[in-house]
Protein chains: 2
Amino acid sequence: MGQSQTVDRILDAAEELFAERGFSETSLRMITGKADVNLAAVNYHFGSKKALIQAVFARFLTPFCESLESAFDELERDADGGPPCLEAVLKALTVTVVEMPRKHDRSISIYMRLQGLAYTQSQGHLRRFLEQEFSHTFGRFMRLLKGATPQLSAVDRYWRIQFMLGATAFTMSSSDALSGILLNKLGVESTVEEIVGQLVPFLTAGMQAPATAPVGQIRGSA
Amino acid sequence: MGQSQTVDRILDAAEELFAERGFSETSLRMITGKADVNLAAVNYHFGSKKALIQAVFARFLTPFCESLESAFDELERDADGGPPCLEAVLKALTVTVVEMPRKHDRSISIYMRLQGLAYTQSQGHLRRFLEQEFSHTFGRFMRLLKGATPQLSAVDRYWRIQFMLGATAFTMSSSDALSGILLNKLGVESTVEEIVGQLVPFLTAGMQAPATAPVGQIRGSA
DNA sequence: ACCTGTATCAAACGTATGTTTTAAACAAAT
DNA sequence: ATTTGTTTAAAACATACGTTTGATACAGGT
């Protein structure tokens, strides 16, 4: 058998457990236990735990970046010449996220949470891996954002992009928990689609806020 | 000696290391090594690693919440009767953060990063501890936000508050790294004060964005 | 001087981790 | 049928972890 199913079983188990508990808090024994494969299989197929983490990201990020590049192609074709507007860029991103192929319903929040963990858990090797592997798509997204916000100074744009990333990564990385709280408090169900539907206008408005004034005295209320 | 300085040395070392590396990735041996105290001192003075984590948060969060409550008092006094406006609420928060008493320059970003970790690292005991210890101030902040955004539905407000928290926690928790990148790319120095000065208009605009439409088909660009 | 409670120290404990080893099972090719 | 290369299996490996122990030092009170 050329491609064993063991590899996929490990990846499936790992991406769920990593998303639930983080990287350091998930042991190889938990993963192989859930995947119902032998402990040594991880090191045999992937070489190390670090390499497994990278493989988990590569498996869902590679097709995602391809879809995203296609969406960007279409975006620039439609806008022939001029730069696409901010809302269109963000919509292209979120639609690509929502339309991501997935094995089951939870998949999207799992991927979102993994993406959030990649930012917040300080796994140096992961950051390096993602940078050298997916920097092309990320750079293109940045250039589109620049074209869509010509009124911003480079410094303002830089910080606002970080704010965007933060709001997205944070919300998405806890989307399950946050949805649960909302369900308890207000009795409202919410899907990933609805959350990103809420995100886009928030981010768009934030990016287009008037230029900032230096922080000084407190402004009175009302 | 009634109050040993060992306790403070441990807390100082722990808050720095936790902020740099996260909780699970920081061992008691690293902490006691940096603090130059005996390994057993942590369990002697705090009881366990979990209790140490909580003590680190209690030490900087307790005085911070007191200052914040005072700022809220002043806010409501100035606005006699009516609810303070959104920008005033956020300014009160950020000014309190910036004026936080600190031992050295790095302190603020350390506290910000810790606060971010409290959200993203799934330490159940920490979340429970913070909830029961500081829920009063947090709840008051939430009520102020509610009064400042009467136009929002409860669901919209809930999600936008999460977006705010995310943008803030993420940016502040990486403010050192992000400032460094900005310095490299554009040669611009930036302080925590300036970052929060950028944050407020972004968040204000986001919170006041027009109500959301459900995500459906892709809207064309331009 | 003699206790008494507190604090520090070196050393060890038990457990869990990532990784390696050795042997067996298996499929495909000769 | 034998061989070959790949995959699984059980067990052990070395290391690092949080925690506990027991001895020692030292303070203040009587």
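Side-chain atoms are counted along with the backbone in the values below, which use heavy atoms only and exclude waters and symmetry mates. Below, chains carry the letters A, B, ... as their sequence lines are ordered, and counting in each starts from 1. Keep in mind that this is a model prediction, so the values were computed, not measured.
Rounded to an integer number of Å, the gap from B:Q5 CD to C:dA7 P is 13 Å. Atom C1' of nucleotide D:dA9 and atom CG of A:L39 are separated by 11 Å, given to the nearest angstrom. Atom CG of B:N43 and atom C1' of D:dC17 are 12 Å apart (whole Å). Put simply, CG on A:D36 is 8 Å from P on D:dA9, counting in whole angstrom units. Taking atom CZ on B:R9 and atom P on C:dA7, their separation rounds to 16 Å, with Å as the unit. Rounded to whole Å, atom C1' of D:dC17 lies 8 Å from atom CG of B:L28. B:R29 has its CZ atom 7 Å from the C1' atom of D:dG18, to the nearest Å. Per the geometry, CD1 belonging to B:I10 stands 8 Å off P belonging to C:dT8, to the nearest Å.
Projected onto DNA chain C by closest heavy-atom contact, A:N38 and A:S27 fall at different nucleotides, the more 5' of which corresponds to A:S27.
With contacts defined as side-chain heavy-atom distances shorter than 4.5 Å, the pair B:I110/B:E20 does not qualify.
Side-chain polar atoms of B:S24 and A:E25 form a donor-acceptor pair below 3.5 angstrom. Of the N and O atoms on the side chains of A:T137 and A:E69, at least one donor lies less than 3.5 Å from an acceptor on the other residue. Side-chain contact, B:T204 with B:E87: no donor N or O sits under 3.5 Å from an acceptor N or O.
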- Apply the test side-chain contact (heavy atoms from CB on, under 4.5 Å) to residues B:M207 and A:F202: give CA-CA distance (whole Å), side-chain angles for both, the deciding distance (0.1 Å), then the verdict. CA-CA 7 Å; B:M207 288 296 282; A:F202 180 93; 4.2 Å; yes

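Residues A:V42 and A:S48 share a closest heavy-atom pair of CG1-O, 4.4 Å.
Residue B:A40 is in base contact, counting any heavy-atom pair closer than 4.0 Å across all strands shown. Residue A:T26 is in sugar-phosphate contact alone, with no base atom involved, counting any heavy-atom pair closer than 4.0 Å across all strands shown.
Nearest to the side chain of B:T6, among D:dA11, C:dT8, D:dT19, sits C:dT8.
Ion pair B:R140/B:E76 flagged as a salt bridge, since at least one NZ, NE, NH1 or NH2 atom sits closer than 4.0 Å to an Asp/Glu carboxylate oxygen.
In the region residues 44-57 of chain A, proximity to DNA chain D at under 4.0 angstrom, judged on heavy atoms, holds for A:Y44, A:H45.
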